[in-house]
There are 2 protein chains.
Amino acid sequence: MTSTPTAGKAGRRRDPEKDAQILQATLDVLAETDYADVTIELVAARAGAGRHTIYRRWEGKDELILAAIACTDSADLGPDGLPDTGTLRSDLLALLDPNWMGGSERRLRILSSVSAMITRTPSAVDAVTKAIVDPSTAAYRFLIQRAVDRGEYALPHNLDALAQVIPSMAAYRAFFMQQVVDEEFMLSIIDGVVLAALREPSAANR
Amino acid sequence: MTSTPTAGKAGRRRDPEKDAQILQATLDVLAETDYADVTIELVAARAGAGRHTIYRRWEGKDELILAAIACTDSADLGPDGLPDTGTLRSDLLALLDPNWMGGSERRLRILSSVSAMITRTPSAVDAVTKAIVDPSTAAYRFLIQRAVDRGEYALPHNLDALAQVIPSMAAYRAFFMQQVVDEEFMLSIIDGVVLAALREPSAANR
DNA sequence: AGATTGCGGCACTGTGTAGTGCCGTATTAG
DNA sequence: CTAATACGGCACTACACAGTGCCGCAATCT
């Protein structure tokens with residue numbers, strides 16, 4: 001009711017810009033350091049805000065981080081943002097360049113930082129799942145499904161499992177092995193696992 | 001030189017049992033809570049030791065945790081500890097029962113807790129890689145290679161990539177999705193990804 | 001025995017950070 | 001105008017934990 005900006009109240013209005021700036025700053029810090037090292041002080045400084053401005057909007061640190069995760073930009077993982085090169089192999093590979101390095105590498109870092117939070121804050125699982133895990137899986141599922149639809153491959157035995165291969169293996173490598181997710185690695189997964197698990201359609205191809 | 005237990009020194013000897021008890025307690029706490037929540041106090045209490053006894057043996061918290069990781073028991077992942085049921089499928093599945101739930105689930109929790117440490121302590125990567133990541137991958141590589149050797153499957157295009165599939169996907173699921181790694185899930189990976197990516201050998205099989 | 005070191009328990013210091021209160025200033029409604 | 005609210009900056013409290021010193025006791029060497 002009174003949540004509209006133009007409520008019949010006196011006083012200065014909250015700057016809607018600030019919300020976005022603070023959430024972005026939170027994601028930045030989260031992408032750079034660990035969850036435990038994310039201090040409100042740091043976020044406030046990064047956002048050019050006072051701590052009060054943060055506490056006025058969110059209950060505490062956890063609420064802030066949850067809100068930030070929820071607004072992670074995953075637009076590039078929607079059907080419209082995905083590459084369409086003609087073959088599944090180059091589609092999957094295309095997802096690497098401006099995406100893994102621009103969008104998804106950031107997502108991966110955030111995912112990694114938030115992992116510490118996941119183990120103790122149950123609601124963090126939902127936030128991460130909705131904002132990061134599900135969109136990633138959905139993107140790969142979409143690409144594979146489209147390749148099947150166009151007759152490039154037969155419908156696999158378990159599409160959901162296959163769609164999780166790349167996000168899982170990329171996360172494992174970047175995260176636990178601290179090694180770069182580069183083209184060479186992606187190719188080894190794409191050719192050695194994903195495409196290897198797919199079969200040509202029953203009708204002869206090529 | 002003077003490192004042997006019977007050095008010509010006066011005074012009470014260090015209890016070698018204590019080292020093991022403290023490291024085990026560290027792993028226990030690490031498996032139950034997050035890295036940030038691992039307090040020396042907690043470890044000491046769990047080990048029935050005083051904090052001094054810990055600080056006398058290790059420089060600080062990080063050294064302690066690194067030492068604990070290094071002594072993670074991965075004997076069950078050596079060739080002698082692995083199942084040998086006759087088929088790759090049941091070998092992979094057999095690794096789930098007393099192993100994923102007994103040994104590897106614990107390893108997974110530890111892996112997850114330590115992830116926060118990985119991002120800031122470079123040496124943690126080595127410790128985790130040596131103690132947990134490499135042995136797991138090696139175990140799956142061994143099982144697949146053996147199946148190839150006995151003629152069950154042809155040598156895959158990329159054995160290393162395939163050997164990482166299960167640890168990666170299990171970690172991703174347990175860790176980021178906070179869902180159980182049960183038989184149903186394992187079967188979906190085994191049948192939907194790993195075995196799907198393997199081909200019968202050139203000579204007709206069965 | 002006497003000296004020396006290990007051990008558990010307690011108290012203490014130092015540090016870092018979440019969260020709050022206050023102040024001066026800016027914005028907006030009436 | 002005045003009142004009310006937002007904002008940045010600063011100071012302050014509360015708390016948790018790393019790391020250390022001290023005490024009394026136990027074990028082992030000469």
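Within the 4.0 Å cut-off from OP1 or OP2 of dA29(C), not a single side-chain nitrogen or oxygen of Lys9(A) is found.
Annotation: side-chain contact (heavy atoms from CB on, under 4.5 Å) contacts of Arg51(B) (sequence neighbours excluded): Ile40(B), Glu41(B), Ala44(B), Tyr55(B). The side-chain contact (heavy atoms from CB on, under 4.5 Å) test applied to Asp62(B) returns Tyr35(B), Met117(B), Thr121(B), not counting sequence neighbours. Scored by the salt bridge (Lys or Arg N to Asp or Glu O under 4.0 Å) test, Arg56(B) finds no partners at all (sequence neighbours excluded). Considering only residues two or more places apart in sequence or on other chains, Arg14(A) meets the salt bridge (Lys or Arg N to Asp or Glu O under 4.0 Å) condition with none of them. Checked against side-chain hydrogen bond (donor to acceptor under 3.5 Å, both in side chains), Glu63(A) has no partners two or more places apart in sequence or in another chain. For Arg120(A), the salt bridge (Lys or Arg N to Asp or Glu O under 4.0 Å) criterion is met by Asp37(B), not counting sequence neighbours. Under the salt bridge (Lys or Arg N to Asp or Glu O under 4.0 Å) criterion, Asp134(B) pairs with no residue at all, not counting sequence neighbours.
Ion pairing between Asp76(A) and Arg107(A) holds under the 4.0 Å rule for side-chain N and carboxylate O.
Contacts of residues 49-59 of chain B with DNA chain D (heavy atom under 4.0 Å): Arg51(B), His52(B), Tyr55(B). Taking every heavy atom of residues 15-44 of chain B and every atom of DNA chain C, pairs under 4.0 Å involve Asp15(B), Lys18(B), by number.
Note on residues 85-94 of chain A: pairs passing salt bridge (charged side-chain N to carboxylate O under 4.0 Å, His left out), not counting sequence neighbours, are Arg89(A)-Asp191(A), Asp91(A)-Arg146(A), Asp91(A)-Arg150(A).
In this structure, the nucleotide among dA3(C), dA29(C), dA18(D) sitting nearest to the side chain of Ala10(B) is dA3(C).
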Hey, what are the protein-to-nucleotides 25-27 of chain C N/O distances that come in under 3.5 Å?
unit_1: dT27(C); atom_1: O2; unit_2: Arg12(A); atom_2: N; d: 3.1

List the atom pairs, donor and acceptor, that lie under 3.5 Å between side-chain atoms in residues 166-174 of chain B and the rest of the protein, sequence neighbours left out.
unit_1: Ser168(B); atom_1: OG; unit_2: Gln164(B); atom_2: O; d: 2.7
unit_1: Arg173(B); atom_1: NE; unit_2: Val180(B); atom_2: O; d: 2.7
unit_1: Arg173(B); atom_1: NH1; unit_2: Gln179(B); atom_2: OE1; d: 3.3
unit_1: Arg173(B); atom_1: NH2; unit_2: Gln179(B); atom_2: OE1; d: 3.3
unit_1: Arg173(B); atom_1: NH2; unit_2: Val180(B); atom_2: O; d: 3.4

